[in-house]
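For this chain, numbers begin at 1 and follow the sequence in order. Read the numbers this way: they start at 1 and go in the same order the structure lists the ligands and their atoms.
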Amino acid sequence: MGASQQEQGPLRVALLGCGVVGSEVARLLTQQSADLASRVGAPLELVGIAVRDASAPRPLAESVDRSLLTEDAEGLVARADIVIEVMGGIEPARALLLRAIEAGAAVVTANKALLAEDGPTLYKAADTAGVDIYFEAAVAGAIPIVRPVRESLAGDSVRRILGIVNGTTNYVLDQMASTGMSFDDAVRQAQDLGYAEADPTADVEGFDAAAKAAILASLAFHTRVSLEDVAREGITRITADDVAWAAQTGHVIKLLAIAESVTDDDGSHGVSVRVHPALVPLAHPLAGVRGAFNAVFVEADAAGELMFYGRGAGGAPTASAVLGDVVSAARHRVLGGKGPEESTYAALPILPASTAVTRYQVRLAVDDRPGVLAQVAQVLASKGVSIEAVRQPSEAAAPGAEDTHGADDGATGVAHLVITTHAAAEAALAATVDAIAVLEPVREITSVLRVEGA
Ligand SMILES: NC(=O)c1ccc[n+]([C@@H]2O[C@H](COP(=O)([O-])OP(=O)(O)OC[C@H]3O[C@@H](n4cnc5c(N)ncnc54)[C@H](O)[C@@H]3O)[C@@H](O)[C@H]2O)c1
Ligand SMILES: N[C@@H](CCO)C(=O)O
Ligand code: NA
């Protein structure tokens, strides 16, 4: 190793972006340079850092040598062996990565938005040029999950992936559940802590999780899945009441990314990919994932159940994943070899989310008089949706009961029903809810949430 290290000149590394992630990548590249050189077999030389404004103050990057900052990203890319893209957004990130690949550089990116929108263009360019493209940081930050799905499980058949892959929304839901904090305050805290995307809409509306779901589904099922293939619903409609009711029924609300291999009613085989809030039973490992932590639960034929857990957001954790990829790409430069290419041979159809079969919890406020539950149950039976459990908590025990009580006209009391169904198709459940909503004693369908992981 010592001899080859002396023979091998430095590998030139260009960094695009010096924000939350970029400043930590720069710090680690500099502070760990001796160890990295030993692990790679050649020194890694940071030759420049592209930013929008080289003269702007950089409180996050105090340890970074400012003479490396440049506003000429194209010029920087042209003189690198390895290009790290942590600027985010579609352009100019895509054009710069393509330019780097075409010039023969290996690329490492944390940009899930770009990969979910147009990854195949980059993968194809990398295949053509014979260079590495690595993106561990794009899914669940520090947690090794891209490499396990892409490489460690390449000999197995993945059946299902169930993940908490957005730190911001997990932090928000957890803060709402544990402190009663408002949604807006929790989002602000997540931004201050560096978890949230520049525009937190991407987090709270589920776009960020959907991009990660698309990337994981593509790798797991050897099929191209893009952002628009993912059925998506964010957490903005989750109320404090929903969170309190979840606790009372032995659940916690999580924003889940789900990618599964499914067989339709007509026997056709495909992939279903969706992101939505769901009730997770407290006993499930995903229920214990607190704060901004992420976790990905993988079910594979031979391996069985696997769980990957850790920090999915934040500068240093994300930089850890970036640096791991840089070392892999750099080793290939020194020793030869190449990382995996895009694998799409299975080309499975993407089935609509309406084919997904899950359990549901329907919460409703009804007139508190005899026979109402029977009427509701009759509708469920007529639509072929089987009931697993019905709860009718006492007025005092019902979260938010005071609000509903205030709306009471005084003639009849209000009862809250919480109905949990057995697995039902989304379409059947939607028709059932519509039919229940128009029953005379039903005052309000308060919420309909999926139950996952049971
Ligand atoms: N923050 C996280 O926890 C996290 C985790 C995983 C992945 N990511 C991904 O990493 C990437 C970077 O995220 P971040 O949080 O560090 O963002 P950020 O906004 O903090 O930093 C972006 C950096 O890129 C630079 N930049 C942006 N556009 C540029 C342009 N046109 N030309 C030159 N420089 C430009 C900015 O000046 C800034 O230095 C994104 O793709 C994000 O999705 C972030
Ligand atoms: N905004 C993202 C960053 C990691 O991709 C999150 O909250 O998880
Ligand atoms: Na990761």
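- Protein contacts to the Na ion (ligand 3) involving N, O or S atoms at a distance below 3.0 Å are Glu136 O, Glu136 OE2, Val139 O, Gly141 O, Ile143 O.
- Environment of CZ in Arg66: crowded, with over 12 heavy atoms of neighbouring residues, nucleotides or ligands closer than 6.0 Å.
- Under 4.0 Å is where a charged nitrogen must lie from a carboxylate oxygen, and between Asp208 and Lys212 at least one such pair does.
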- Task: Starting from the C-alpha separation in whole Å, work towards a yes-or-no answer on side-chain contact (heavy atoms from CB on, under 4.5 Å) for Val86 and Thr109.
- Result: CA-CA 6 Å; Val86 284; Thr109 178; over 6 Å; no

- side chain to side chain donor-acceptor pair (under 3.5 Å) between Ser328 and Asp325: does it pass, once the steps are laid out? CA-CA 5 Å; Ser328 294; Asp325 283 351; 5.3 Å; no

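- Without hydrogens or angle criteria, Glu299 side chain to Val158 main chain gives no donor-acceptor distance under 3.5 Å.
- Of the possible polar contacts, one joining the His251 side chain to the Thr249 backbone as a donor-acceptor pair under 3.5 Å is found.
- Between Ser55 and Asp53, the side chains place a donor N or O and an acceptor N or O closer than 3.5 Å (distance only, hydrogens not considered).
- Contact residues for ligand 1 (protein heavy atom closer than 4.0 angstrom to any ligand atom): Gly17, Cys18, Gly19, Val20, Val21, Ala50, Val51, Arg52, Arg58, Val86, Met87, Gly88, Pro92, Ala110, Asn111, Lys112, Ala137, Gly194, Glu197, Ala313, Gly314, Thr318.
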- Check against side-chain contact (heavy atoms from CB on, under 4.5 Å), Arg224 and Glu342: CA-CA 9 Å; Arg224 276 190 183 159; Glu342 187 191 23; 2.9 Å; yes

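- A salt bridge links Arg94 and Glu91; the closest N-O separation between the charged side-chain nitrogens and carboxylate oxygens is under 4.0 Å.
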- Message: With side chain to side chain donor-acceptor pair (under 3.5 Å) as the criterion, how do Ser38 and Asp35 come out once you've worked through the C-alpha distance, each side chain's angles and the decisive distance to 0.1 Å?
- Response: CA-CA 5 Å; Ser38 299; Asp35 283 329; 5.4 Å; no

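- Remark: the backbone N or O of Gly88 is paired with a side-chain donor or acceptor of Glu85 at under 3.5 angstrom.
- Among protein residues, Lys112, Asn166, Gly167, Thr168, Tyr195, Ala196, Glu197, Asp203, Asp208, Lys212, Gly312, Ala313 come within 4.0 Å of ligand 2, judged on heavy atoms.
- Sorted by first and then second residue, the ring-ring contact (aromatic ring centres under 6.0 Å, His included) pairs involving residues 131-150 (not counting sequence neighbours) are Tyr123-Phe135.
- Using a 4.0 Å cut-off between a side-chain N of Lys or Arg and a carboxylate O of Asp or Glu, Arg274 and Glu452 qualify as a salt bridge.
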